[in-house]
Protein chains: 4
Amino acid sequence: MPSPSTRQRRKDARPQELLDAAMALFVEKGFAATKSEEVAARAGVSKGTLYLYFPSKEELLKAAIRHTLSADIAAGAQMAEAHTGSCSELLQDVMSAWWLRVYSSSSACIFKLVLTEVRNFPDIADFYLREVIEPGTAVITRMVQRGIDAGEFRPVDVTGTVHSIVLPMIMLCVHKHSLGACPNMEASLGDPELFIRQHMSLLLGGLRRPAAT
Amino acid sequence: MPSPSTRQRRKDARPQELLDAAMALFVEKGFAATKSEEVAARAGVSKGTLYLYFPSKEELLKAAIRHTLSADIAAGAQMAEAHTGSCSELLQDVMSAWWLRVYSSSSACIFKLVLTEVRNFPDIADFYLREVIEPGTAVITRMVQRGIDAGEFRPVDVTGTVHSIVLPMIMLCVHKHSLGACPNMEASLGDPELFIRQHMSLLLGGLRRPAAT
Amino acid sequence: MPSPSTRQRRKDARPQELLDAAMALFVEKGFAATKSEEVAARAGVSKGTLYLYFPSKEELLKAAIRHTLSADIAAGAQMAEAHTGSCSELLQDVMSAWWLRVYSSSSACIFKLVLTEVRNFPDIADFYLREVIEPGTAVITRMVQRGIDAGEFRPVDVTGTVHSIVLPMIMLCVHKHSLGACPNMEASLGDPELFIRQHMSLLLGGLRRPAAT
Amino acid sequence: MPSPSTRQRRKDARPQELLDAAMALFVEKGFAATKSEEVAARAGVSKGTLYLYFPSKEELLKAAIRHTLSADIAAGAQMAEAHTGSCSELLQDVMSAWWLRVYSSSSACIFKLVLTEVRNFPDIADFYLREVIEPGTAVITRMVQRGIDAGEFRPVDVTGTVHSIVLPMIMLCVHKHSLGACPNMEASLGDPELFIRQHMSLLLGGLRRPAAT
DNA sequence: AATGAATGAGTCTTCATTCAT
DNA sequence: GATGAATGAAGACTCATTCAT
């Protein structure tokens, strides 16, 4: 009895297993330096099987990028919606929870992968702009804007502020999969959770309106 | 007139011409996706000539990384030494001038290159740690520490603060050579000089000790 | 009918087919002057297939040398064991049968190949000494020594005698694959069987104790 | 004063220095595996200079072969002419002196070189047959034939006997430059002078007419 | 559906030969 | 004459992709 359903379960899981394997290897070695046979081997299937599910190595890359990260972006939006409290608390809490989740999931890979491969596969840029940059930026922009509108933050340049907030987060993710993955380099950026909190706290110090005299 | 020295002059200039060509292409397409013949062609020589100056494509990569950036790091240290004024002004002015210089020079390439290739060439990690991360971090650390010691800054965690300061700068450089180099994406992070000033200003807001009551 | 096993049968036969092709071409043109694609073509496969079975051209050479000749050396030892009769007859009969077999088989190639390539691949020397020179010399030495011990041969220097016996045989094999394979040179050393008999006969004339007066 | 004549002397000696260098390297590594720059370097000149004296690597090979050995063949003929004594003594003495001279000179290289390269350069075969095999064989043939005609030797097959005599000598020369030149293999064929004497002595034992009863 | 043997276009690297100095 | 920088054709080896089983 386990035979037909087990097989079915395997078969249904295959594409995702292949995507995970591809993601891991593309992030580690880069697209061009990863052999399709390695991807298959890591997913526990043979070279031929890979081509049953994806028509080429390039499509595998695009699929790997497409199927990751969108859920984690949406999660950030939801966290922001759900939060009650001051805007400072909102930024602190949401950014910590959200980016720790991103950092810990396989979404973190995407950043390095996109940075590395966009110039060879320009399609990726469109997708990334539409699915990642725009919604991600929107979530943070809304939180900052809300603080300004509420008089809690100073009337700073919102776009620049968003970048000040988010670029170190992305850098953290990229680092995790490049220098941070090299032997003897593991600790180079310290504990990510701590860093995120400190970073937000420092920025909030600059962001908050000084208490009225 | 060009008779006795034309040949010699070419020969002396070749290594740097090849390194420049290699740097540009490795950054654009990645090491594995760059053909050695392309590097030669961009430097205006034939395939064979490349191998007269560098024993392999891998050595060319390492040389390209080694011969760039160190000068720009040292420049930052000098700027910091030379500055007179408050610690806030120091941080603002030095970081702006320094990182705009880095951003505009070919040093900016190095960050993307290292992020992309360290995992395939672990030697790079040692070099980068020793020649870039350590001296670069030291310059910024000193500036922050001086502000704390002088009572101008609050007694923050120095390491985390340095990361908050520098990670967006690096991200700016990386971005310039990945998404920022894609058509229709040029403006995505805005004007770098403006961003650097805003970023430093925001951080300094959080860093400065509130005026005594 | 060929369905389940045709592929397998090919796969099992491939290594030997490739070794035979390699042997023939290496002997004809030398290792360095033989292209790996030629070897593949002669074995009826493509370049890539060659590398499925052997990791490099050099390993192909070593394998070709290792897998040939040992059987023919052992055959000589057996012939010597099996023979009954005088020591003169033994030497005549065994050397004729044995070396005609060697001369006619692909073993004959090995001598030229080893002479030609040892200095570039010193590993070959160890193998050849251990697997060819030592066992081959031992067979002939035993036959000569037996004749001396039995009082049938004069008490000559055994080592030198063995060389007198065997060097022309080897030369015959080498010649077959160099000058002897050139157009208009086929007949230059005459019929090998006849020569071997005459050579042994001449040597036995010098070897045999003169009949007691 | 030494300046113009020294230079002239160098210039006159160049071709021979290049040929010697080429010979040594071609014998050691084979023609295809020898780089023309190595030949130039060993002769103490630059790559370009080599092409001033020889139009191509192939011509260098042919010239190297052509300019060696003929003198040593002629020397053998003279030794045979000059000898007085029995035919046995003649064979012993001439073969020893002659082949020891060949073995010790750079002529010994030719045998290996020809064996190795004829099949790639068929021109060599003609030269070798005409300049080496034929005159060399003639010298030995004459000595054997004289012994038979004088009743000193048995009426053996002359051609075969010549081969029995000469093949080990050639093998000695070939060996000197292949296995014999490998580390740990130097002594493998013993002292050449001793071997040549023993070999001739053994053959003469088979060749001499038994003393009349 | 899964496999893995086979292919051959594509890359890195070498080296005989040329030619400006 | 002599040099050695430059060339580019040629050769070893790799790997994405196909397809018979």
Side-chain angles (χ1 to χ4, degrees), chain A residues 7-8 10-11 14 31-41 44-60, chain B residues 2-12 14 32-40 44-58 60, chain C residues 2-8 10-12 14 32-41 44-60, chain D residues 7-8 10-11 14 32-41 44-60:
Chain A
R7 188 193 303 225
Q8 188 59 38
R10 282 320 296 260
K11 197 196 146 193
R14 278 285 150 73
F31 175 77
T34 300
K35 299 171 214 170
S36 45
E37 188 162 17
E38 288 177 300
V39 174
V45 299
S46 75
K47 236 176 338 177
T49 303
L50 174 60
Y51 283 88
L52 250 34
Y53 292 93
F54 298 94
S56 73
K57 199 180 149 191
E58 185 172 339
E59 287 308 315
L60 185 61
Chain B
S3 180
S5 57
T6 295
R7 194 96 95 81
Q8 189 57 38
R9 211 163 23 235
R10 287 323 298 270
K11 198 196 166 198
D12 293 346
R14 278 286 145 73
T34 300
K35 300 173 218 171
S36 51
E37 191 162 13
E38 288 177 302
V39 174
V45 298
S46 75
K47 229 178 339 173
T49 301
L50 172 59
Y51 286 90
L52 245 38
Y53 294 91
F54 298 93
S56 70
K57 200 179 144 190
E58 184 171 339
L60 185 60
Chain C
S3 180
S5 56
T6 297
R7 196 96 95 80
Q8 190 58 38
R10 287 322 298 271
K11 197 197 167 196
D12 294 346
R14 279 285 145 74
T34 300
K35 300 172 220 173
S36 51
E37 191 160 14
E38 288 178 301
V39 174
V45 299
S46 73
K47 225 180 342 171
T49 301
L50 172 59
Y51 286 91
L52 246 36
Y53 293 92
F54 297 94
S56 71
K57 201 179 144 191
E58 184 170 341
E59 286 308 314
L60 184 61
Chain D
R7 190 195 301 229
Q8 188 59 38
R10 281 318 298 258
K11 197 195 147 195
R14 277 285 151 73
T34 299
K35 299 172 216 169
S36 45
E37 188 161 17
E38 288 178 299
V39 174
V45 298
S46 74
K47 234 176 339 176
T49 304
L50 173 60
Y51 284 88
L52 249 33
Y53 293 93
F54 298 94
S56 72
K57 199 179 150 192
E58 185 171 339
E59 286 309 315
L60 185 61

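All chains are named by letter (A, B, ...) in the order of the sequence lines, taking the proteins before the strands, and each is independently numbered beginning at 1. Any value given below was found using the heavy atoms of this structure, including those in side chains, with hydrogens, waters and symmetry copies removed.
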To the nearest 0.5 Å, what is the distance between [atom1] ([X]) and [atom2] ([Y])?
{"X": "R14(D)", "Y": "T49(D)", "atom1": "CZ", "atom2": "OG1", "answer": "6.5 Å"}
{"X": "Y53(C)", "Y": "K11(C)", "atom1": "OH", "atom2": "NZ", "answer": "6.0 Å"}
{"X": "L60(C)", "Y": "Y51(C)", "atom1": "CG", "atom2": "OH", "answer": "8.5 Å"}

[X] [atom1] - [N] [atom2] separation (whole Å):
{"X": "E38(C)", "N": "dG11(F)", "atom1": "CD", "atom2": "C1'", "answer": "11 Å"}
{"X": "Y53(C)", "N": "dA5(E)", "atom1": "OH", "atom2": "C1'", "answer": "6 Å"}
{"X": "K57(C)", "N": "dA10(F)", "atom1": "NZ", "atom2": "C1'", "answer": "12 Å"}
{"X": "E37(C)", "N": "dA6(E)", "atom1": "CD", "atom2": "C1'", "answer": "14 Å"}
{"X": "E58(D)", "N": "dA16(E)", "atom1": "CD", "atom2": "P", "answer": "13 Å"}
{"X": "F54(C)", "N": "dA6(E)", "atom1": "CZ", "atom2": "C1'", "answer": "16 Å"}

Need to verify one output field. Residue with the more 5' nearest nucleotide on DNA chain F, K35(C) or S56(A)?
K35(C)
Walking DNA chain F from its 5' end, the first of T34(A) and R14(B) to be reached, judged by nearest nucleotide, is R14(B)
5'-most by nearest nucleotide on DNA chain E - P55(D) or A32(B):
A32(B)
Tightest non-hydrogen contact, residues L50(C) and A40(C), listed as CB-CB, 4.4 Å
Is it the case that over 12 heavy atoms from other parts of the model lie below 6.0 angstrom from the CD atom of E37(C)?
no
Where DNA chain E forms runs of at least three Watson-Crick or G-U pairs (i with j, i+1 with j-1, under 3.5 Å), the stems are E:2-21 with F:2-21
Sorted by number, the residues of residues 44-52 of chain B with heavy-atom contact under 4.0 Å to DNA chain E:
K47(B), Y51(B)
Tell me whether E59(D) contacts the main-chain N or O of S56(D) through its side chain, where contact means a donor paired with an acceptor under 3.5 Å.
no
